[in-house]
Amino acid sequence: MPTPLGPARLLVDAAVRPRRTLILGHGAGVGASAADLVALALVLPPRTGTTVVRVEQPWRVAGRRLAPAPSVLDDAWRAILPQVGVQGPLVVGGRSAGARVACRTARDVAAEAVVALAFPLHPPGRPERSRYEELERAGVPVLVVQGDRDAFGRPSEFPPGPFDLVSVPAANHSFAVQRSAPLSRSEALEVLVDQVAAWLGARRE
């Protein structure tokens, strides 16, 4: 898919009878193949009638190792979304940096809600550098799904705000768990998917 910032890539998992479209962006590490994004793409279309579109940003398609500035990510996102065939209400989201992009641009792309996975509330060990304002200013309903051990912000670190916050037990920023955890990584991802599916299902069409 062409954009002014270079080609982007879309990975589409379509629902047979679409009720909504969820467009997801990736983080600064793993791209659209991140385990949480893949889990949503596999489960949501048949379970909830949600077509899931995973976006690979131009910098990843070009093979660059470092993400560009937030403003560049936002510009690419705004250029990509009008080219996506949206069926039903539009929900945007992503993991980590992708969640930040979705929050900052939600109103620009006429999204009705945001799903923010592993929102990086602050850099690890730097709670004073809070990004809470991005959540607060999204302007649409937001679901934050956060691992209990996320070094970028545990659920208990989030101030009360105009968003729904749910946690994934024992999970870190990538929703991975330690061997000693009471659940496996696949079970942690099931919790994540169940929370997102329930939240989407509770929203009025």
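Because only heavy atoms are used, hydrogens play no part in the values below, and waters and symmetry mates are left out as well, while side chains stay in.
Minimum heavy-atom separation, Ile80 to Pro58: CD1-CD, 4.2 Å. Pairing each heavy atom of Trp59 with each of Ala28, the nearest pair is CH2-O, 3.5 Å. Tyr132 and Pro160 make their closest contact through OH-O, 2.8 Å (heavy atoms, listed as atom of the first residue, atom of the second, distance). Across every non-hydrogen atom of Leu44 and Ala197, the tightest pair is CD2-CB, 3.9 Å. Across every non-hydrogen atom of Ala79 and Thr3, the tightest pair is CB-CB, 4.2 Å. Taking every heavy atom of both residues into account, His173 and Ser96 meet most closely at NE2-OG, 2.9 Å.
When the side chains of ILVMFWY residues are joined at heavy-atom separations under 4.5 Å, either directly or via intervening members, Phe119 and Phe152 end up in two distinct hydrophobic clusters. Hydrophobic clustering of Ile, Leu, Val, Met, Phe, Trp and Tyr side chains at less than 4.5 Å, counting indirect connections, keeps Leu42 apart from Leu10.
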Can you list, pair by pair, the side-chain donor-acceptor contacts under 3.5 Å of residues 135-145, counting residues two or more places apart and other chains?
| residue | atom | partner | partner atom | Å |
| --- | --- | --- | --- | --- |
| Arg137 | NE | Glu133 | OE2 | 3.1 |
| Arg137 | NH1 | Glu133 | OE2 | 3.0 |
| Arg137 | NH2 | Glu133 | OE2 | 3.1 |

Give the table of side-chain donor-acceptor pairs shorter than 3.5 Å for residues 30-40, with sequence neighbours excluded, one pair per line with atom names and distance.
| residue | atom | partner | partner atom | Å |
| --- | --- | --- | --- | --- |
| Asp36 | OD2 | Arg95 | NH1 | 2.5 |

Take Arg54 and His26 through the test side chain to side chain contact (heavy atoms under 4.5 Å, CB included) and record every step on the way to the result. CA-CA 8 Å; Arg54 289 172 287 150; His26 56 79; over 6 Å; no
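For the atom pair CZ of Phe175 and CG of Leu192, the computed distance is 5.0 Å after rounding to the nearest 0.5 Å.
Arg20 and Thr50 form a side-chain donor-acceptor contact under 3.5 Å, judged by distance and modelled atom types alone.
Ion pairing between Arg100 and Asp74 fails under the 4.0 Å rule for side-chain N and carboxylate O.
Considering Leu117, Leu165, Val168, Val166 in turn, Leu165 is the only one that fulfils the side-chain contact (heavy atoms from CB on, under 4.5 Å) rule with Gln146.
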